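Before any comments, here is the structure.
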Amino acid sequence: MESHTLEMTGLPPFPDNIPIATLPCLSLERLVARNSGEIQRLVHACEEVGLFYLDLRDVSLASKVLGDVDQLFQTAVELFDLPLAEKQAYDFSSQNSHFGYKAQGAELVDQQGNVDRNEFYNLPRNDLLGMTDPLPTPDVLKHRRGTLQSLARTCHSIAGVLLEHLNTSLGLGQSKLLDLHRLDAPSDDIIRLIKAPKQPVDDHRVALAEHTDYGSITLVFNRLGGLQVLPPGPDSQWLYVKPMPNTVIVNIGEAMVKLTNGLLKSSFHRVVPPPGDQARFPRYSVVYFCRPNNDVLLRSIAGDNRIPDPDPSEEAEAITSKEWVFQGWLARRAKPCSI
Ligand SMILES: O=C(O)CCC(=O)C(=O)O
Ligand SMILES: [Fe+2]
């Protein structure tokens, strides 16, 4: 179940002379085995930076995931190679949907109105798992539906392992966090396939602006560098997150910050051109966004537990997870659509 190494894909190695983030690398195998030291490291990582590597080897839960991701990197190449007009037939933004295709430049990267330089395709897990009527999709994705379904299920289970340990460490009632992230209830979980085209050397624009993720737990599969994190702290600087074989990069999102009233952290990250020789290639990512179920109110779940009590004024502002994701999407649109 070894994933293809970077060498096997013909891509150049990540350079060794650039500043990289020193992130913890946790073992899914040890977390599944309820190793107490590993659980402590998980909790620490989520309370400090909210970003870490997860080694997926040697655990049956994840036995297919690296192979599925390898297939989907190839699918992403085929998908984004389609003519623009064909891809745009799957852009559903005029129907106020953030599912489907997003062309380059459709999202803002800053307050000045500059736009992003990557394209992506969002596949809702409700659709993949048959909970909603299937959206139209290009053949290249139809042919990979089984792989996409398997990835959605596995990634949701991996997120579940992390949520279960966080639940216990926060002192929450039995499986509270798991109840907010049920696979059999609708959510805005998505698989996102991303392409940032090869960038001219004199073009230093970011491909994806600095942001924190909206949902609970994001699982990011990368081959080329380019992802950067801004660790918390007064003098911090942007650091590359070096892709590591057989691991997934785990990001804690804003929904978890809201649910835990800031006890868990979400880090700013962005995507810049791949470093060194890697800059000669387009950059693809496969990402799973695990989000709370649609009707979950994003407010602190403090009570008889470790989560600090919220300010009463925040209670009135609570919105549902679905609305939160939708409002975030609307705010990022370069040409906001009318509702
Ligand atoms: O492509 C990546 O490495 C990260 C993408 C990301 O942060 C996002 O889509 O939210
Ligand atoms: Fe992100």
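Remember, it's 1-based here, ligands and their atoms both numbered in the order they're listed. Remember, predicted model here, so these are calculated numbers, not experimental data.
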Identify whether the distance between the nearest side-chain nitrogen and carboxylate oxygen of [X] and [Y] falls below 4.0 Å.
X: Lys176; Y: Asp179; result: no
X: Asp68; Y: Arg153; result: no
X: Arg270; Y: Glu210; result: no

Ring geometry between Tyr240 and Phe14 (parallel below 30°, tilted from 30 to 60°, perpendicular above 60°):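 If you compare the ring of Phe14 with that of Tyr240, the planes turn out perpendicular.
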
When you check the space around the Fe ion (ligand 2), which protein N, O or S atoms turn up under 2.8 Å?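 Less than 2.8 Å away from the Fe ion (ligand 2) sit His211 NE2, Asp213 OD1, His269 NE2.
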
Side chains of [X] and [Y], heavy atoms from C-beta outward: is any pair under 4.5 Å?
X: Asp188; Y: Phe99; value: yes
X: Lys102; Y: Tyr121; value: no
X: Leu166; Y: Met256; value: yes
X: Ile191; Y: Val287; value: no

Please identify which atoms of ligand 1 are closer than 4.0 Å to at least one heavy atom of [X].
X: Ile194; result: 1 (O), 5 (C), 9 (O)
X: Phe289; result: 8 (C), 9 (O), 10 (O)
X: Val271; result: 1 (O), 2 (C), 4 (C)
X: Leu208; result: 5 (C), 6 (C), 7 (O), 8 (C), 9 (O)
X: His269; result: 7 (O)
X: Asn222; result: 2 (C), 3 (O)

Does Thr218 approach ligand 1 within less than 4.0 angstrom via side chain, backbone, both or neither, non-hydrogen atoms only?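 Neither; no heavy atom under 4.0 Å.
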
Under 4.0 Å from ligand 1, counting heavy atoms only, is it the side chain of Asn251, its backbone, both or neither? neither

Note the single closest protein heavy atom to atom 10 (O) of ligand 1, along with its residue, its atom name and the distance in Å. His211 NE2, 3.0 Å

Could you identify the single nearest non-hydrogen protein atom to atom 9 (O) of ligand 1 and state the distance to 0.1 Å?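 It is Arg192 NH1, 3.0 Å.
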
Judged on heavy-atom distance to atom 1 (O) of ligand 1, which of Gly225, Ser285, Gly215 sits nearest? Ser285

Does Arg283 come within less than 4.0 angstrom of ligand 1, counting non-hydrogen atoms of the residue?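 Flag set, Arg283 near ligand 1.
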
Taking the six-membered ring of Tyr214, is NZ or CZ of Arg291 closer than 6.0 Å to its centre and within 45° of its axis?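 The answer is no, since Arg291 fails at least one limit relative to Tyr214.
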
Would you say the side-chain atoms of Arg144 and Thr75 include a donor-acceptor pair closer than 3.5 Å? yes

Nearest heavy-atom pair of Ala207 and Asp116: which atoms, and what distance?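 Residues Ala207 and Asp116, closest heavy atoms: O-CB, 3.6 Å.
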
